[in-house]
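Values below: all heavy atoms of this structure, side chains included; hydrogens, waters and symmetry mates excluded.
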Amino acid sequence: MLKKFTLIIKDIYRFNPFKTAASFIIMVILGVTNGINIALLVPMLESTGLGEGERAGNQFSNYISGMFNKLGISPSFGLILFIFLIVFLVVSYLQYQQLKLASELSTHYSLYIRDRLYRSIFNAQWLFFINKKMAHAANMLTVESQRIMVLCNSLIRVISEAFIVVIYIALALMISWQITIIVVTTGIVITWLMRKQIQSGRGIGVEMTNANNELQSVVWEHLGSAKIVKGYATENQSFTFFHKMVKKVSDLNIQYLVNQAKIRAIFEPVTVILLCIGLYVALNYFKVDTALLVVLLFIFYRLSPKITLIQQNYHKALTSIPAVNALQALEEEAASFREQFENKSKINSFSKGIIFDNVSFSYNTDDNNVLKNINISIPYGKTIALVGESGAGKSTAADLIMGLLLPSAGRIHIDDLEINDINMTYWRSLIGYVTQDTILFHESIRANLLWANPEATEEDIADVLKISAADSFVNSLPEGLDTITGDRGVRLSGGQRQRLALARALLRKPKLLILDEATSSLDADSENRIQEAVETLHGSITILIITHRLATVRNADFIYTMRQGEVVESGTWGELTENTSGYFYSLCSLQGLAKR
């Protein structure tokens with residue numbers, strides 16, 4: 001465990017060397033000044049006459065007196081009291097600075113870890129998102145990363161208090177090494193006997209991380225499915241499930257607090273008993289003079305809360321370690337899926353087209369291919385359609401075009417470059433993408449549109465709203481572009497959301513527009529509006545339409561019909577509908593579009 005803590009401290013230092021070093025320097029100065037303050041109690045008490053006549057045989061008293069003599073100072077009570085107050089003020093100021101530095105360091109380190117994890121997640125391949133439960137990732141970015149701050153604070157506090165404890169023990173050894181050894185040895189034995197109770201904090205921490213993951217999943221899924229919950233009148237069932245998860249997290253928090261309280265309840269009384277034993281032994285066996293005995297008693301009295309604080313913060317750190325492990329595991333997993341764009345071509349234009357050359361794809365090497373030997377040509381400036389039933393592999397083909405997935409076999413060429421040799425950041429900047437499940441953020445319509453192109457002007461926005469047939473309904477809204485769409489666009493109809501999604505895609509001024517089942521869940525009127533909007537773009541940009549509703553591709557330049565991951569037919573609308581024995585014709589018949 002010490003090795004783990006050391007690695008974390010090193011990582012904190014790499015994050016901010018200056019503040020980490022400054023914090024440790026203040027710790028050292030704080031420990032020394034605390035020691036000076038306690039040492040000043042000896043001449044202060046002796047100047048009042050306490051322990052008078054006992055000093056001659058005491059090395060510690062003689063050492064303090066010798067220091068004053070070297071400085072040419074006569075240690076009167078008033079002078080010592082003044083020095084004591086000055087040192088006390090210095091200690092108070094240093095404590096404030098250390099607390100401030102520790103708070104800033106732990107907060108900024110937690111922010112740094114969150115930023116690093118978030119960046120790692122979004123730098124990962126799409127396969128990572130497919131295979132990972134995103135609710136768990138959300139928990140890591142919110143709840144668990146917050147525990148990093150607790151860990152950082154606790155470690156700094158443990159080191160700081162431990163250094164002061166070392167100073168106190170060194171002073172106690174100088175006053176009476178026999179009593180100090182007895183007290184310290186007994187304390188070590190008690191800590192060893194309580195080790196299981198202290199170490200149990202790590203187990204609780206693991207359970208808390210798992211419970212928080214489960215709770216985040218429940219909240220994520222149930223709030224995202226609020227319409228289903230309401231529609232099925234299963235509010236009580238949802239509440240019961242939520243309450244069960246919350247209670248589990250609450251019980252673990254109680255277990256953690258009770259465990260911490262138990263450690264304190266055992267440790268503090270034992271410390272008081274040790275103080276009493278030490279006092280009795282000092283008076284009756286070691287004949288410690290009165291002034292030094294008072295100082296020794298004061299040292300042990302100050303040691304008690306310090307050691308308790310160390311125990312509590314060590315327990316907090318142990319409980320937070322599982323969060324660190326989980327965050328590191330997630331970051332490493334995301335890093336293993338990292339998209340590699342270094343030394344790859346930065347494509348800034350698209351002028352020839354896209355070619356699939358015997359492309360196959362499977363999500364895992366042991367799985368059957370989702371796409372099998374696909375050969376597709378998408379010339380620049382043409383409207384191409386991929387049609388077929390659900391599960392035919394159409395959307396997977398779109399993911400391959402965008403570089404979200406890479407072929408398991410075969411090649412995809414963008415103009416004259418193979419897709420594996422292209423920096424996807426540049427290629428994706430040339431693409432506009434509209435999906436069936438339109439995602440709008442809980443912001444204004446303007447903010448949602450600008451998400452695709454922050455540099456767009458008001459004129460640009462007006463143009464794309466007109467092209468997507470969204471201008472009339474946006475202008476009819478009381479707040480126009482400043483209208484808040486609601487969570488996931490809930491305040492707008494499905495057709496309105498889709499038209500805004502198309503406008504957002506067009507605001508990017510794309511060279512390639514991909515419409516992936518963009519009208520499949522719309523009513524006839526909304527579908528016609530979207531279709532008319534797409535028709536206005538015909539010939540000006542390359543359009544890929546993915547759909548199982550064949551009426552929307554009647555005017556496409558070329559159509560590829562897919563079935564179970566294969567292209568089974570291709571041609572124009574006229575060519576395909578003339579082949580009455582073909583698969584495309586059978587699909588048209590099912591949808592009432594076949595020639596009679």
Show, in sequence, the C-alpha distance, side-chain angles and deciding distance for Asp421 and Lys344, and conclude whether the side chain to side chain contact (heavy atoms under 4.5 Å, CB included) test is met.
CA-CA 5 Å; Asp421 298 327; Lys344 294 194 175 184; 5.7 Å; no
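- You'll find the side chain of Asn153 stays beyond 4.5 Å of the side chain of Leu105, heavy atoms only.
- Judged by distance alone, the side chain of Thr107 and the main-chain N or O of Glu104 form no donor-acceptor pair under 3.5 Å.
- Residues Asn369 and Ser362 approach most closely at OD1-CB, 3.4 Å, considering heavy atoms.
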I would like to know whether Phe15 and His108 meet side chain to side chain contact (heavy atoms under 4.5 Å, CB included); could you show each step before the answer?
CA-CA 9 Å; Phe15 160 65; His108 293 159; 3.7 Å; yes
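- The two residues Ala317 and Leu155 make their nearest non-hydrogen contact at CB-CD2, 4.4 Å.
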Ile8 and Ile321: side chain to side chain contact (heavy atoms under 4.5 Å, CB included), yes or no, with the steps?
CA-CA 10 Å; Ile8 292 168; Ile321 279 291; 3.6 Å; yes
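- With no hydrogens or angles considered, a side-chain donor-acceptor pair links Gln98 and Ser160 at under 3.5 Å.
- Checking side-chain atoms of Ser110 against main-chain N and O of Ser145 turns up a donor-acceptor pair under 3.5 Å.
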Check: residues 505-512 side-chain donor-acceptor pairs under 3.5 Å, at least two apart:
unit_1	atom_1	unit_2	atom_2	d
Arg508	NE	Ile431	O	2.9
Arg508	NH2	Arg428	O	2.9

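- Looking only at side-chain heavy atoms (C-beta outward), Asn37 and Val90 stay at 4.5 Å or farther from each other.
- The distance from the CD1 atom of Ile412 to the CD1 atom of Ile422 is 9.5 Å, given to the nearest 0.5 Å.
- Looking at Asp115 and Arg119, no side-chain N of the basic residue comes within less than 4.0 Å of a carboxylate O on the acidic one, giving no salt bridge.
- Counting only distance, with no hydrogens or angles, the side chain of Arg491 and the backbone of Ile484 share a donor-acceptor pair below 3.5 Å.
- Here the side chain of Ser23 pairs no donor or acceptor atom with the backbone of Lys19 at under 3.5 angstrom.
- Note: Ile156 CD1 to Leu101 CG = 8.5 Å, rounded to the nearest 0.5 Å.
- Shown here for Glu333 and Phe337, the closest heavy-atom pair between the two residues is O-CD1, 3.2 Å.
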Applying side chain to side chain contact (heavy atoms under 4.5 Å, CB included), run through Val87 and Asn34 and close with a yes or a no.
CA-CA 8 Å; Val87 175; Asn34 265 288; over 6 Å; no
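- For the pair Thr319/Leu151, no side-chain contact is recorded, criterion being any heavy-atom separation below 4.5 Å from C-beta on.
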Would you please test Ser395 and Asp516 for side-chain hydrogen bond (donor to acceptor under 3.5 Å, both in side chains) and show each step?
CA-CA 7 Å; Ser395 294; Asp516 189 357; 2.9 Å; yes
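- Between Leu330 and the options Lys132, Glu144, His136, a side chain to side chain contact (heavy atoms under 4.5 Å, CB included) holds for only Lys132.
- Without hydrogens or angle criteria, Ser106 side chain to Cys152 main chain gives no donor-acceptor distance under 3.5 Å.
- Using a 30° and 60° split on the angle between ring planes, Phe129 and Phe122 fall in the tilted class, from 30° to 60°.
- Side-chain contact between Lys247 and Lys244 is absent, with no heavy atoms from C-beta onward closer than 4.5 Å.
- A heavy-atom distance below 4.5 Å is not found between the side chains of Pro407 and Phe361.
- Side-chain atoms of Thr457 and Asp460 form a donor-acceptor pair, as typed in the model, at a separation below 3.5 Å.
- Going from atom OH of Tyr433 over to atom CD1 of Ile514 covers 7.0 Å, rounded to the nearest 0.5 Å.
- Atom CG of Asp399 and atom CG of Leu405 lie 5.0 Å apart (nearest 0.5 Å).
- The shortest non-hydrogen separation linking Ile546 to Ala398 is CD1-CB, 3.3 Å.
- Residues Arg338 and Gln125 have side chains not in contact (no heavy-atom distance under 4.5 Å, counting atoms from C-beta outward).
- Formation of a donor-acceptor pair under 3.5 Å by the Trp427 side chain with backbone atoms of Lys346 is not found in this model.
- Scanning both residues, Ile401 and Ile419, for their nearest heavy atoms gives O-CD1, 3.6 Å.
- Smallest separation of non-hydrogen atoms from Met27 and Ile159: SD-CG2, 3.6 Å.
- Side-chain contact between Arg446 and Ile461: present, with at least one pair of heavy atoms (C-beta onward) separated by less than 4.5 Å.
- Counting only heavy atoms from C-beta outward, the side chains of Thr485 and Arg497 never approach each other to under 4.5 Å.
- Remark: Tyr118 OH is loosely packed, at most 12 non-hydrogen atoms of other residues, nucleotides or ligands lying under 6.0 Å away.
- With rounding to the nearest 0.5 angstrom, the CD1 atom of Ile347 is 5.5 Å from the CG atom of Leu417.
- Taking CZ of Arg147 as the start and OG of Ser154 as the end, the distance is 11.0 Å to the nearest 0.5 Å.
- Between the side chain of Asn313 and the backbone N or O of Leu309, at least one donor-acceptor pair lies under 3.5 Å.
- A salt bridge links Asp11 with Arg14: at least one charged nitrogen is closer than 4.0 Å to a carboxylate oxygen.
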